[in-house]
Chemist: 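Can you read through this structure? Questions will come right after.
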Amino acid sequence: HEARLLMAFVRDLAPEKVFAEPEAELQPAGEARFLSLIQRRTDREPPSYIVGRREFWGLEFKIGPDVLDPRADTETVVALALDRVADRAAPLRLLDLGTGSGCILLAALHELPNATGLGVGRSPAPLAIAADKARPLGPSAHPATVASHLAHHRDPSGAGVTTSFPCETTGFRRRPPTCSLRRSPS
């Protein structure tokens, strides 16, 4: 699977197309590039960092050293949030603490057409990636992103759905992912 992903990257194809053209030969430059990518993987660099992207919830996200690589099990946070929403057409406000690449927030916004979101994170580089990813998803998926220390953040959005996938960082204990749903005051 990973070799196919890397070969697709070298040949600028979708991974499923690699086996559709088995007779296609790589030029020496392409072969050298493929072998260098294999070496990077042998050195334990994640495939998504090598190719610079990762699929999450059917959406493609830019990934690199500035943002954590979203794992497949992170999609359970999105599923949990969506399971708690009775009316997916409601004009919900979402808050994602520690938004990183924005994958959780943007996947939820992709499923909730009338929702808006706020992604809060500590580092500007991942927030820029999240904001960049939000643009092609359409007007409802344009979350505001705020760079601040999570311990000092207060929710100004009145969010009805809050997600958090805390990771081990200085000053924070590792906790399981959370999702809460609260009704905004009427």
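A quick note: this is a predicted structure, and the numbers were derived from the prediction, not measured.
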Chemist: Please indicate whether D12 has more than 12 foreign heavy atoms, meaning atoms of other residues, nucleotides or ligands, lying under 6.0 Å from its CG.
Modeler: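 No, because the 6.0 Å sphere around CG of D12 holds 12 heavy atoms or fewer from other groups.
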Chemist: Between the side chain of E75 and the main-chain N/O of W57, is any donor-acceptor distance below 3.5 Å?
Modeler: yes
Chemist: Please say whether more than 12 non-hydrogen atoms of neighbouring residues, nucleotides or ligands are located less than 6.0 Å from CD in Q39.
Modeler: yes
Chemist: Under 4.5 Å between side-chain heavy atoms, hopping through other hydrophobics if needed: is there a path connecting F9 to Y49?
Modeler: no
Chemist: Taking atom CD as the centre, does E16 end up with more than 12 heavy-atom neighbours from other residues, nucleotides or ligands that are less than 6.0 angstrom away?
Modeler: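 Yes - once you tally the heavy atoms of other residues, nucleotides and ligands closer than 6.0 Å, there are more than 12.
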Chemist: Could you measure the distance from the CZ atom of R54 to the CG atom of L68? Nearest 0.5 Å is fine.
Modeler: 11.5 Å
Chemist: Is any NZ, NE, NH1 or NH2 atom of the basic residue among E2 and R41 found under 4.0 Å from an Asp or Glu carboxylate oxygen of the other?
Modeler: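 A salt bridge is present here (some side-chain N lies under 4.0 Å from a carboxylate O).
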Chemist: Enter the distance from L118:CG to L94:CG here, rounded to the nearest 0.5 Å.
Modeler: 9.5 Å
Chemist: If you group Ile, Leu, Val, Met, Phe, Trp and Tyr by side-chain heavy-atom gaps below 4.5 Å, do L59 and L105 land in one group?
Modeler: yes
Chemist: Can you tell me if T42 uses its side chain to pair, donor with acceptor, with the backbone of I38 under 3.5 Å?
Modeler: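 Checking the backbone N and O of I38 against the side chain of T42, a donor-acceptor pair under 3.5 Å is found.
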Chemist: Would V18 and L37 show up in the same hydrophobic cluster when neighbours are defined by side-chain heavy atoms closer than 4.5 Å?
Modeler: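 Linked, V18 and L37 end up in one cluster.
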Chemist: Hey, does the side chain of N114 reach the backbone of A89 with a donor-acceptor pair shorter than 3.5 angstrom?
Modeler: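 Yes, the answer is positive, given that a donor and an acceptor are paired below the 3.5 Å cut-off.
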Chemist: Do L13 and L35 land in one hydrophobic cluster if side-chain heavy atoms of ILVMFWY residues count as linked below 4.5 Å?
Modeler: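 No: no chain of side-chain contacts under 4.5 Å links L13 to L35.
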Chemist: Measure the spacing between CE of M7 and CZ of F34 and express it to the nearest 0.5 Å.
Modeler: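 M7 atom CE to F34 atom CZ measures 4.0 Å (nearest 0.5 Å).
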